[in-house]
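First comes the structure, then the notes that go with it.
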Amino acid sequence: MQNALERAQRIKAVLTDVDGILTDGKVNFFVAPDGKIEEIKSFHTQDGIAVMLCRSAGIICGIITGRRHPTTVERARNLGFKYMYQGFLTKIGPLEDILEKEGLQPEEVCYIGDDITDMPLLNEVGLAATVPNALDCVKDCAHYITKRVGGDGAFREIIDFILQAQGKLAPILEQVKASAWTQSKKPELEIVTSQEGLK
């Protein structure tokens with residue numbers, strides 16, 4: 001844990017997978033009245049507050065996911081994520097793109113994932129995090145494994161850990177207690193899909 005704490009102190013951007021991290025990993029389908037098959041995703045509200053906390057602390061938030069779904073895009077836009085890379089089973093390209101755009105080094109990034117497609121990023125970044133219901137081979141890549149499972153506030157747990165390590169959480173909580181917490185402006189969500197040229 002000491003190693004993870006030291007790594008967390010350097011983090012300037014948090015990137016995450018969606019299914020299994022921001023959701024419980026289950027995909028629910030239903031047939032709409034017009035006969036089309038629709039998909040439902042459930043997100044945890046505490047994870048939403050985590051993105052607000054990051055904005056207050058000057059930490060960038062982004063999503064890199066292998067799937068494409070309008071619900072995920074809307075959730076990312078509503079919460080104030082800065083980056084949304086969708087349709088990327090190979091995720092190194094999006095990481096390199098964000099590093100270049102933000103002028104960051106890999107050790108300044110936290111990535112959160114739970115499946116084998118996340119392993120290259122987990123091995124590349126400064127703070128690799130996963131959830132207890134991740135595959136064992138993914139856990140072997142992680143510096144931090146949450147107590148909470150994916151879709152049940154695991155993202156929030158990681159954000160709180162990072163902000164505590166940087167000494168930024170307590171001042172924000174004091175602002176909240178005093179009803180003086182002001183929100184930073186949401187960034188314009190940049191959406192990139194795999195068909196747009198990144199590898």
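Any value given below was found using the heavy atoms of this structure, including those in side chains, with hydrogens, waters and symmetry copies removed.
Between K82 and E102 a salt bridge is recorded (basic side-chain N to carboxylate O distance below 4.0 Å). Using a cutoff of 4.0 Å between basic side-chain nitrogens and carboxylate oxygens, D19 and K26 are not scored as salt-bridged.
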*asked:* If you apply the rule side-chain contact (heavy atoms from CB on, under 4.5 Å), what do you find for V125 with C110, and how did you get there?
replied: CA-CA 6 Å; V125 298; C110 169; 6.0 Å; no

*Carefully, step by step, assess D17 and I112 under the rule side-chain contact (heavy atoms from CB on, under 4.5 Å).*
CA-CA 6 Å; D17 185 28; I112 313 159; over 6 Å; no

*Could you go step by step and tell me if M119 and C137 meet the side-chain contact (heavy atoms from CB on, under 4.5 Å) rule?*
CA-CA 8 Å; M119 291 170 63; C137 59; 3.9 Å; yes

*Verify side-chain contact (heavy atoms from CB on, under 4.5 Å) between D24 and S42, making sure each step is shown before the conclusion.*
CA-CA 8 Å; D24 63 7; S42 296; over 6 Å; no

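Sorted by first then second residue, the salt bridge (Lys or Arg N to Asp or Glu O under 4.0 Å) pairs that include residues 115-126, not counting sequence neighbours, are K91-D118. Identified under the salt bridge (Lys or Arg N to Asp or Glu O under 4.0 Å) test for residues 151-172, with sequence neighbours left out: R156-D160.
Looking only at side-chain heavy atoms (C-beta outward), K41 and R67 come within less than 4.5 Å of each other. In this structure, the side chains of L95 and V109 come closer than 4.5 Å at one or more pairs of heavy atoms. Proximity of I64 to T16: side-chain heavy atoms (C-beta onward) are nowhere separated by under 4.5 Å. Counting only heavy atoms from C-beta outward, the side chains of V131 and I21 approach each other to under 4.5 Å. Annotation: side chain of D114 is not in contact with side chain of L135 (no heavy-atom distance under 4.5 Å). Between L99 and Q105 there is no side-chain heavy-atom pair separated by less than 4.5 Å. Inter-residue side-chain proximity for V192 and P94 is flagged as unmet; no heavy-atom pair is nearer than 4.5 Å. Inter-residue side-chain proximity for F155 and V14 is flagged as met; some heavy-atom pair is nearer than 4.5 Å.
Under the 4.5 Å side-chain heavy-atom criterion for ILVMFWY residues, a single connected hydrophobic cluster contains both Y83 and I92. L89 and L121 are not part of a single hydrophobic cluster, where members link through side-chain heavy atoms under 4.5 Å apart.
With T130 as the partner, the side chain to side chain contact (heavy atoms under 4.5 Å, CB included) test is satisfied by one option alone out of I145, I158, T146: I145.
With hydrogens and angles disregarded, a donor-acceptor distance shorter than 3.5 Å links the side chain of K139 to the backbone of P132. A donor-acceptor pair is defined here as one N or O able to donate and one able to accept, closer than 3.5 Å; such a pair exists between the side chain of R7 and the backbone of G126. Looking only at distances, a side-chain donor or acceptor of H143 sits under 3.5 Å from a matching main-chain atom of A128. Distance alone, capped at 3.5 Å, is enough to place a donor-acceptor pair between the Q166 side chain and the A8 backbone.
Remark: K101 pairs with Y85, D97, E190 by the side-chain hydrogen bond (donor to acceptor under 3.5 Å, both in side chains) rule, at least two apart or across chains. S184 meets the side-chain hydrogen bond (donor to acceptor under 3.5 Å, both in side chains) test with no other residue; sequence neighbours excluded. The salt bridge (Lys or Arg N to Asp or Glu O under 4.0 Å) test applied to E174 returns K177, not counting sequence neighbours.
Once rounded to the nearest 0.5 Å, the distance linking CE of M84 with OG1 of T193 reads 10.0 Å. Here the CZ atom belonging to F88 is positioned 9.5 Å from the OG1 atom belonging to T90, to the nearest 0.5 angstrom. Atoms CD1 and CD1, from I159 and I59 in turn, are 6.5 Å apart once rounded to the nearest 0.5 Å. Here C61 contributes atom SG and L189 contributes atom CG; the two are 11.5 Å apart, rounded to the nearest 0.5 Å.
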In residues 72-80, what donor-acceptor pairs under 3.5 Å come from side-chain atoms, sequence neighbours left out?
unit_1: R75; atom_1: NH2; unit_2: H44; atom_2: O; d: 3.2

